[in-house]
Engineer: 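Below you'll find the structure I mean.
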Amino acid sequence: MDRDLMEVTIPRLEELYRANKYTVTEVVEWYLTRIARYNGIYRAVQTVDARNALATAAREDAEAKAGGSSFRRGPMWGVPIVTKANTSIKGLITTDGWKGYMIPGHELVAPKDATIVAKLRTAGAVILGQTNMPDFAASDTNRSTAFGRTGNAYDVRFSPGGSSGGTVTAVTGNFALLGNGTDTGNSIRMPSATSSVVGVFPTRGLVSIAGIAPLDWLLDNTGPIARTVTDATIALDVMASEDAADARTTGSAAEAQKGPYTQYLKADALKGKRFGVPAFILAGAGIPFQGIRASATASEVAEDTEDSREPLRPETRAAFMKSVEGLRAAGATVVFDDSILPDSFAVTVARVGTFPYVKEGTEKFLAEYGPAQYHSAAEYESVIGSRLPPTIIGGADPATRRGRATIVQESIESDPQAEANFYGPRKKALEAYNETLDRLHLDGFVYPATQMPPPDETMPQNGKLSEGPHSDTGWVNMIGVPAVVVPGGFYPDGLPFGLEISARPWRDGDLLGWAYAYEQATKHRRPPVLVEKGLLPDAR
């Protein structure tokens, strides 16, 4: 089983099932054994739901036996997966990485499945458990008050990135075949880059986020994390759909490329394609997380922009240039030009200000997915005796801009400043993005998914506790275009580098085709060698 299941793909697992070589129960038990063996060191999976996983496996085995040769499997039948701890699973605690949702007797137990969980179950997936994440997904590393620190599977001392670091460590370490991540500013893509896996940020609106505890509902997204582009694409095909519970998905079926997205996976998909390299990323221009509200003063804008500046490290620049060689070898043209999304683009997109509206997202989530005891922030405070943190209900300015006046929370539907804060800047930034593609006849953009290698968390980072491997990619969330991270090679110390590619809105199929062609041409992924003893297993 070790030989057959290590690095197994969905198509290969399907072959093993059809040949009756293994039952679903046997496969699930194999993954649960690996979690039991290694999770104490890497701490990727916070909640292991062995009972329900084995019950699902037994049911699927019985259905297959009863169906005989005519039995029809779903697209993810018998596929063991994990989900991020902010993604609601009926009957389990949606910890959101935060100890405040785990108070005995007051746990945030999900009353129903998130939309994507329901769809994955219907497709036949077996959910092994929930992965660790930082509190509210608000960190570039994976350290939580709920479960402690997740280590990088390639070296447990190093950061796997956040906030989907638990999922990437679980997937790259073969604790599960794939999983979901969520992404508010880089949180699928940046951790995928640290761990030699594929992370998909779909066009916002292609996949519903209903049932996922929000960090910032105007920026949040969810998508698959897998070891291969093919597996990620199969999962995206399952997850994508319109959903009445998520208004951003309305009309997506008409906008999006026609599925299944697996039809776009062709080895020659990069031939003749042209990609630009955003100049502002190479320059490390600053784009504050959640942007800058319209009422900010000129000095505040300057301060916020400078605080968010993140230089591209020389070793990451070298890894990126090497990955570009792989694109060119696969038939693509890569264009470097100072006019390609310059610093002025960073200035424009930085004005997409969303923090005045974060509480609205939290209230909507708790109303539908809160436990019986509380369905609002006010009810939580009444029951627990303390408030939810400003991170998810607003009040204090974001952590990078402490000391400022409190930002009043508004409903975006009724706020007279919504156009100036959000809609207008987002439209302007998306127009600039598309104008660059049109002007230079580009198909998409390519760039490093992080600005630096994963940091060693046994040592200070910039003189303080490690905050993870930062990126300059939050602008993708602000305009909602699709992006994917694919393994792009390794640093000299053996830690992975990830290449990110973005495309026009709703061209998710094309994007996955390019990632597939790059993957097949380069074959950069190699699995980590896990250890059973290591440093910092319980560090918080």
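Both backbone and side-chain heavy atoms feed into the values below; hydrogens, waters and symmetry mates do not.
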Engineer: Under 4.5 Å between any side-chain heavy atoms of V335 and R274, yes or no?
Structural biologist: yes
Engineer: Whether the T131 and T167 side chains hold a donor-acceptor pair (N or O, under 3.5 Å, no angle test) is what I'd like checked.
Structural biologist: yes
Engineer: Can you tell if the side chain of D456 reaches within under 4.5 Å of the side chain of Q461, non-hydrogen atoms only?
Structural biologist: no
Engineer: Main chain of P496, side chain of S196: is a donor-acceptor contact present, judged purely on distance under 3.5 Å?
Structural biologist: no
Engineer: Just how far is it from atom OG of S339 to atom CZ of R439, taken to the nearest 0.5 Å?
Structural biologist: 4.0 Å
Engineer: Hey, mind stepping through E431 and K428 against salt bridge (Lys or Arg N to Asp or Glu O under 4.0 Å) and telling me if it holds?
Structural biologist: CA-CA 5 Å; E431 287 173 348; K428 185 177 179 181; over 6 Å; no
Engineer: Considering non-hydrogen atoms only, spot the tightest contact between I127 and I89 and give its length.
Structural biologist: CG2-CD1, 3.8 Å
Engineer: How about N86 and T182: does a side-chain donor come under 3.5 Å of a side-chain acceptor?
Structural biologist: yes
Engineer: Does atom NZ of K364 have more than 12 heavy-atom neighbours, drawn from other residues, nucleotides or ligands, at distances under 6.0 Å?
Structural biologist: yes
Engineer: Can you find a heavy atom in the side chain of T9 that is under 4.5 Å from one in the side chain of T230?
Structural biologist: no
Engineer: Judged by atom type as modelled, is there a donor-acceptor pair below 3.5 Å linking the side chain of Q520 to the main-chain atoms of A517?
Structural biologist: no
Engineer: Just how far is it from atom NE2 of H470 to atom OG of S159, taken to the nearest 0.5 Å?
Structural biologist: 9.5 Å
Engineer: Just so I know, are the side chains of S192 and E500 near enough to count as touching, which here means a heavy-atom distance under 4.5 Å?
Structural biologist: no
Engineer: Can you name the nearest heavy-atom pair linking G276 to I340, along with the distance?
Structural biologist: CA-CD1, 4.0 Å
Engineer: Are any of the side-chain heavy atoms of P214 and I209 separated by less than 4.5 Å?
Structural biologist: no
Engineer: Is there a donor-acceptor pair closer than 3.5 Å between any side-chain N or O of Q409 and the backbone N or O of V358?
Structural biologist: yes
Engineer: State the CD1-CG distance between I287 and D304, to the nearest 0.5 angstrom.
Structural biologist: 13.0 Å
Engineer: Rounded to the nearest 0.5 Å, what's the gap from CG on N180 to OG1 on T222? Could you check?
Structural biologist: 4.0 Å
Engineer: side-chain contact (heavy atoms from CB on, under 4.5 Å) for K273 and D510? Distances and angles first, verdict last.
Structural biologist: CA-CA 11 Å; K273 298 298 182 291; D510 291 340; over 6 Å; no
Engineer: Name the atoms and distances for all side-chain donor-acceptor pairs under 3.5 Å in residues 476-484, with sequence neighbours left out.
Structural biologist:
{"unit_1": "N477", "atom_1": "OD1", "unit_2": "R189", "atom_2": "NH2", "d": "2.9"}
{"unit_1": "N477", "atom_1": "ND2", "unit_2": "D183", "atom_2": "O", "d": "2.9"}
{"unit_1": "N477", "atom_1": "ND2", "unit_2": "D183", "atom_2": "OD1", "d": "3.0"}
{"unit_1": "N477", "atom_1": "ND2", "unit_2": "T184", "atom_2": "O", "d": "3.1"}
{"unit_1": "N477", "atom_1": "ND2", "unit_2": "L219", "atom_2": "O", "d": "3.2"}

Engineer: Evaluate the criterion side-chain contact (heavy atoms from CB on, under 4.5 Å) for residue pair V79 and E14; output intermediate values, then yes/no.
Structural biologist: CA-CA 9 Å; V79 174; E14 185 180 69; over 6 Å; no
Engineer: Could you tell me if T391 and D135 have a donor-acceptor pair between their side chains, going purely by distance under 3.5 Å?
Structural biologist: no
Engineer: Could you tell me whether the side chain of W98 reaches within less than 4.5 Å of the side chain of I392, counting heavy atoms only?
Structural biologist: no
Engineer: Is the count of non-hydrogen atoms from other residues, nucleotides or ligands lying under 6.0 Å from D338 atom CG greater than 12?
Structural biologist: no
Engineer: Where does the angle between the aromatic ring planes of F280 and W475 fall among parallel (under 30°), tilted (30 to 60°) and perpendicular (over 60°)?
Structural biologist: perpendicular
Engineer: Between R313 and P311, is there a donor-acceptor pair closer than 3.5 Å when you use the side chain of the first and the backbone of the second?
Structural biologist: yes
Engineer: Please tell me whether T249 and D243 have a donor and an acceptor in their side chains that are separated by less than 3.5 angstrom.
Structural biologist: no
Engineer: Run the numbers on F445 and L341 for side-chain contact (heavy atoms from CB on, under 4.5 Å), then give the verdict.
Structural biologist: CA-CA 10 Å; F445 298 99; L341 301 187; 3.9 Å; yes
Engineer: So, taking the atom named CG in D140 and the one named OG in S187, what distance separates them when rounded to the nearest 0.5 Å?
Structural biologist: 6.5 Å
Engineer: Please give me the minimum heavy-atom distance between M133 and S144, naming the atom from each residue.
Structural biologist: O-CB, 2.8 Å
Engineer: Is the closest side-chain heavy-atom distance between L442 and R504 below 4.5 Å?
Structural biologist: no
Engineer: Show every donor-acceptor pair shorter than 3.5 Å between a side-chain atom in residues 343-356 and any protein atom, with sequence neighbours excluded, or say none if there are none.
Structural biologist:
{"unit_1": "T348", "atom_1": "OG1", "unit_2": "S344", "atom_2": "O", "d": "3.1"}
{"unit_1": "R351", "atom_1": "NH2", "unit_2": "R293", "atom_2": "O", "d": "3.0"}
{"unit_1": "T354", "atom_1": "OG1", "unit_2": "D216", "atom_2": "OD2", "d": "2.4"}

Engineer: Shortest non-hydrogen contact from S139 to P134?
Structural biologist: CB-CB, 3.6 Å
Engineer: Evaluate the ring planes of W514 and F275, with Trp represented by its six-membered ring, and classify them as parallel (under 30°), tilted (30 to 60°) or perpendicular (over 60°).
Structural biologist: perpendicular
Engineer: Give a yes-or-no answer on whether the side chains of Q130 and T95 include a donor-acceptor pair shorter than 3.5 Å.
Structural biologist: no
Engineer: OG/S163 to NZ/K84 distance, rounded to the nearest 0.5 angstrom?
Structural biologist: 2.5 Å
Engineer: Just wondering, do P469 and M190 contact through their side chains at under 4.5 Å, heavy atoms?
Structural biologist: yes
Engineer: Return yes if some donor-acceptor pair links the side-chain N/O of Y433 with the main-chain N/O of A503 below 3.5 Å, else return no.
Structural biologist: yes
Engineer: Please check if the side chain of T172 supplies one atom and the backbone of V168 the other of a donor-acceptor pair under 3.5 Å.
Structural biologist: no
Engineer: Please name the pair of heavy atoms, one in E242 and one in S252, separated by the smallest distance, quoted to 0.1 Å.
Structural biologist: CG-OG, 3.2 Å
Engineer: Is it true that Y516 and Y264 have ring centroids separated by less than 6.0 Å?
Structural biologist: no
Engineer: Which pair of non-hydrogen atoms, one from A44 and one from A170, has the smallest distance, and what is that distance?
Structural biologist: CB-N, 3.8 Å
Engineer: Using the side-chain contact (heavy atoms from CB on, under 4.5 Å) rule, take V200 and Y261 through it: C-alpha gap first, then chi angles, then the decisive distance, then the call.
Structural biologist: CA-CA 12 Å; V200 180; Y261 290 122; over 6 Å; no
Engineer: Keeping the roles fixed (side chain from T194, backbone from P160), state whether a donor-acceptor pair exists under 3.5 Å.
Structural biologist: yes
Engineer: Looking only at side chains, do S295 and Q417 share a donor and an acceptor under 3.5 Å apart?
Structural biologist: no
Engineer: Is the shortest side-chain N to carboxylate O distance from E325 to K322 below 4.0 Å?
Structural biologist: no
Engineer: Looking only at the side chains, is there a donor atom on one of N421 and Y357 sitting less than 3.5 Å from an acceptor on the other?
Structural biologist: yes
Engineer: Using only atom types and a distance under 3.5 Å, with no angle test, would you say the side chain of T94 pairs donor to acceptor with the backbone of D96?
Structural biologist: no
Engineer: Please check: side-chain N/O of E410 versus main-chain N/O of D415, any donor-acceptor pairing under 3.5 Å?
Structural biologist: no
Engineer: Go through the structure and list residues passing ring pair (Phe, Tyr, Trp, His ring centres under 6.0 Å) with F365, not counting sequence neighbours.
Structural biologist: Y369
Engineer: Would the distance check show the side chain of T305 and the main-chain N or O of A302 forming a donor-acceptor pair, the cut-off being under 3.5 Å?
Structural biologist: no
